[in-house]
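Throughout, a chain's letter reflects where its sequence line sits, starting with A, and its residues are numbered from 1.
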Amino acid sequence: MIQAIRGTKDILPSEIENWYFLENIFRSVSDTFGYKELKTPIFEKTEVFSRGIGDGTDIVNKEMYTFDDRGGESLTLRPEATAALVRSVIQNKLANAGTAQKFWYFGPFFRYERPQKGRLRQFHQYGAECLATDKPESDVEVILLANSIIKKAGISDYKLLLNSLGNDSSRAEYREALIKYLESKKDLLSEDSQSRLQINPLRVLDSKDKRDIEIVVDAPILANYFDEESKNHFDIVTSMLDSLGVQYEISPKLVRGLDYYSHTVFEFQSSALGAQDSFGGGGRYNKLFSELGGKDTPAVGFAFGVERLLLILEELNLLPEVKTDCDIFIVAAGEGIQNYSFKIAQELRDSGFRVAVDLNDRSMKAQMRASNKSGAIFTILIGEDELNNNTVTIKNMGDSTQVNIPHKELSNYTFKIA
RNA sequence: GCGGGCGUAGCUCAGUUGGUAGAGCACCAGAUUGUGGCUCUGGUGGUCGCCGGUUCAAGCCCGGUCGCUCGCCCCA
């Protein structure tokens with residue numbers, strides 16, 4: 001049996017409505033914030049991500065689906081959206097207008113990882129980006145957008161973790177101090193953290209290893225290295241969130257794994273998930289445009305893991321009700337009756353009803369069973385009598401009442417739910 | 001990339017010290033010949049993930065492999 005690729009999943013008819021439920025929320029809430037949808041290709045030149053995300057990150061080093069095309073060019077299935085979106089914005093000159101530009105996206109992404117709960121090799125993200133403004137107001141806006149989507153989906157029990165990485169010079173200074181401190185305790189760190197020390201020392205801060213946690217307790221604190229700009233930016237963000245009544249928790253250890261972040265970073269967590277309890281995250285990235293050859297353009301954005309949102313909805317029983325197969329089921333039994341029944345089915349569909357017919361040429365009893373199972377509110381019965389008299393029998397499945405009316409009156413018949 | 005658990009009908013699972021498979025649900029058909037949901041009766045359906053090994057004999061033991069799952073790592 002040929003199987004789907006490891007870490008990929010078919011989205012079956014039984015779950016497709018859940019996807020539309022979320023997609024509709026993404027679209028409508030983004031729209032109320034004035035964000036426009038932007039779709040980039042599924043694959044890009046590899047350098048978009050190696051330069052954008054950062055050569056030191058695990059995503060670039062060991063998780064990308066990278067291959068040479070027939071012309072010998074190195075291409076990569078997109079592992080995230082932001083770098084590709086920035087590439088598109090630069091190429092299409094969308095951020096040259098001098099005012100904030102706001103975009104959202106939804107689609108599949110690819111990372112070669114060990115599959116786990118809420119972690120697939122092909123997964124989906126919704127995200128939004130606010131470009132061309134470095135004002136903290138834009139940080140606040142994207143957080144509000146994310147919050148609105150979560151609320152609209154019905155999720156109320158979640159945590160918003162917030163932190164600031166400061167500007168580049170503050171962070172560079174802190175980085176030095178942190179490395180110095182960690183070097184002094186190097187032997188006590190986990191193996192993972194020892195190797196992280198040089199490449200991405202901030203990540204040691206959010207290690208789950210007991211040894212690391214102990215050492216991190218006494219590590220220098222990022223906020224103490226902030227200059228005026230870094231401090232001001234974050235103060236405005238937090239005070240605005242306060243006055244808007246947005247609940248959040250300052251998490252000094254929240255550093256995020258991608259190289260391009262600075263200033264505000266945030267993450268959404270839910271206890272309804274397993275070890276992968278983060279279902280969304282984002283932050284400010286002011287240097288990405290120049291990394292990708294564009295002119296300096298400040299930006300802030302976030303992404304949700306859609307499969308993880310779905311997991312939360314499922315766990316919390318917030319998924320929409322499953323749709324019935326049809327509104328009206330046509331039961332037609334007898335010789336040469338199919339033409340009549342198909343004609344009636346089509347008339348009803350043309351007037352907007354969801355109509356199913358039995359395709360197995362079975363007994364009336366069997367077709368009635370099928371009608372019952374379909375969830376139809378009405379059954380239309382057609383047998384020899386109806387065919388000969390040019391009538392139809394309409395049965396209300398709720399109260400079992402039925403009426404026989406001439407075919408030509410069907411278009412004016414009012415189907416009333418009992 | 002590393003570690004743990006698992007893989008038997010469409011679904012959820014049982015299968016005792018190894019002797020070539022069962023239940024419930026679902027599905028199909030009947031219970032007065034044009035009618036559902038309840039009940040009853042009967043039936044269809046499985047190369048026991050795959051490959052190899054041990055054995056007279058393997059769903060049960062051993063090895064490998066693929067996949068799922070949980071955790072580490074990483075991240076959404």
Heavy atoms from C-beta onward define the side chain here; which of [options] lies closest to that of [X]?
{"X": "Arg111(A)", "options": "rC75(B), rG34(B), rC2(B)", "value": "rC75(B)"}
{"X": "Arg308(A)", "options": "rG71(B), rA76(B), rC73(B)", "value": "rA76(B)"}
{"X": "Tyr261(A)", "options": "rA76(B), rG37(B), rG71(B)", "value": "rA76(B)"}

Looking at [X], does any N or O in its side chain come under 4.0 Å of the phosphate oxygens OP1/OP2 on [N]?
{"X": "Arg369(A)", "N": "rA29(B)", "answer": "yes"}
{"X": "Arg362(A)", "N": "rC28(B)", "answer": "yes"}
{"X": "Arg203(A)", "N": "rC75(B)", "answer": "yes"}
{"X": "Arg6(A)", "N": "rC68(B)", "answer": "yes"}
{"X": "Gln402(A)", "N": "rU35(B)", "answer": "no"}
{"X": "Lys365(A)", "N": "rU32(B)", "answer": "no"}
{"X": "Lys373(A)", "N": "rG37(B)", "answer": "no"}

[X] near the nucleic acid: base, sugar-phosphate alone, or nothing, with a heavy-atom cut-off under 4.0 Å?
{"X": "Ser278(A)", "value": "sugar-phosphate"}
{"X": "Gln3(A)", "value": "sugar-phosphate"}
{"X": "Ala366(A)", "value": "sugar-phosphate"}
{"X": "Gly127(A)", "value": "nothing"}
{"X": "Gly7(A)", "value": "sugar-phosphate"}
{"X": "Glu191(A)", "value": "nothing"}

Separation of [N] [atom2] from [X] [atom1] (nearest whole Å):
{"X": "Asp58(A)", "N": "rA76(B)", "atom1": "CG", "atom2": "P", "result": "12 Å"}
{"X": "Glu129(A)", "N": "rA76(B)", "atom1": "CD", "atom2": "P", "result": "11 Å"}
{"X": "Ile5(A)", "N": "rC66(B)", "atom1": "CD1", "atom2": "C1'", "result": "14 Å"}
{"X": "Asn396(A)", "N": "rU35(B)", "atom1": "CG", "atom2": "P", "result": "19 Å"}
{"X": "Gln116(A)", "N": "rC70(B)", "atom1": "CD", "atom2": "C1'", "result": "7 Å"}
{"X": "Ile213(A)", "N": "rC73(B)", "atom1": "CD1", "atom2": "P", "result": "9 Å"}
{"X": "Leu205(A)", "N": "rC73(B)", "atom1": "CG", "atom2": "P", "result": "14 Å"}
{"X": "Ile394(A)", "N": "rU35(B)", "atom1": "CD1", "atom2": "P", "result": "19 Å"}

Is there a Watson-Crick or G-U wobble partner for [N] with both distances under 3.5 Å, and which nucleotide is it?
{"N": "rC72(B)", "result": "rG1(B)"}
{"N": "rC25(B)", "result": "rG10(B)"}
{"N": "rU65(B)", "result": "rG49(B)"}
{"N": "rC60(B)", "result": "none"}
{"N": "rU33(B)", "result": "none"}

Using a 4.5 Å cut-off on heavy atoms from C-beta on, say whether the side chain of [Y] contacts that of [X].
{"X": "Leu22(A)", "Y": "Leu313(A)", "answer": "yes"}
{"X": "Leu189(A)", "Y": "Arg211(A)", "answer": "no"}
{"X": "Ser14(A)", "Y": "Val322(A)", "answer": "no"}
{"X": "Phe49(A)", "Y": "Met64(A)", "answer": "yes"}
{"X": "Tyr248(A)", "Y": "Phe266(A)", "answer": "no"}

Expressed in whole Å, how much space separates the [atom1] atoms belonging to [N] and [M]?
{"N": "rU55(B)", "M": "rC13(B)", "atom1": "P", "answer": "36 Å"}
{"N": "rA21(B)", "M": "rG46(B)", "atom1": "P", "answer": "13 Å"}
{"N": "rC68(B)", "M": "rG63(B)", "atom1": "P", "answer": "23 Å"}
{"N": "rC28(B)", "M": "rG45(B)", "atom1": "C1'", "answer": "11 Å"}
{"N": "rG30(B)", "M": "rU69(B)", "atom1": "C1'", "answer": "43 Å"}
{"N": "rG24(B)", "M": "rC60(B)", "atom1": "C1'", "answer": "23 Å"}
{"N": "rC2(B)", "M": "rG64(B)", "atom1": "P", "answer": "14 Å"}
{"N": "rA26(B)", "M": "rG67(B)", "atom1": "C1'", "answer": "25 Å"}

Evaluate whether the aromatic ring of Phe123(A) and the six-membered ring of the rA76(B) base sit under 5.5 Å apart, centre to centre, with an inclination under 30°.
yes
Could you pick out which residue, Ala303(A) or Asp385(A), lies toward the 5' side of RNA chain B when each is mapped onto its nearest nucleotide?
Asp385(A)
Earlier contact from the 5' end, RNA chain B, for Glu113(A) and Lys117(A)
Lys117(A)
For the pair Phe67(A) and Tyr65(A), evaluate ring pair (Phe, Tyr, Trp, His ring centres under 6.0 Å) and give the outcome as yes or no after the intermediate values.
CA-CA 7 Å; Phe67(A) 58 96; Tyr65(A) 280 94; 9.1 Å; no
Please evaluate the base of [N] for a donor-acceptor partner in the side chain of [X] within a cut-off of under 3.5 Å?
{"X": "Glu63(A)", "N": "rG1(B)", "answer": "no"}
{"X": "Arg119(A)", "N": "rC70(B)", "answer": "no"}
{"X": "Lys395(A)", "N": "rU35(B)", "answer": "yes"}

Could you check Phe26(A) against Tyr126(A) for ring pair (Phe, Tyr, Trp, His ring centres under 6.0 Å), going step by step and ending with a plain yes or no?
CA-CA 7 Å; Phe26(A) 296 152; Tyr126(A) 160 88; 4.4 Å; yes
Decide whether a cation-pi geometry holds between Arg111(A) and Phe123(A); the criteria are a distance under 6.0 Å from NZ or CZ to the six-membered ring centre and an angle within 45° of the ring axis.
no
For Glu137(A), is the CD atom crowded, meaning more than 12 foreign heavy atoms sit under 6.0 Å from it?
yes
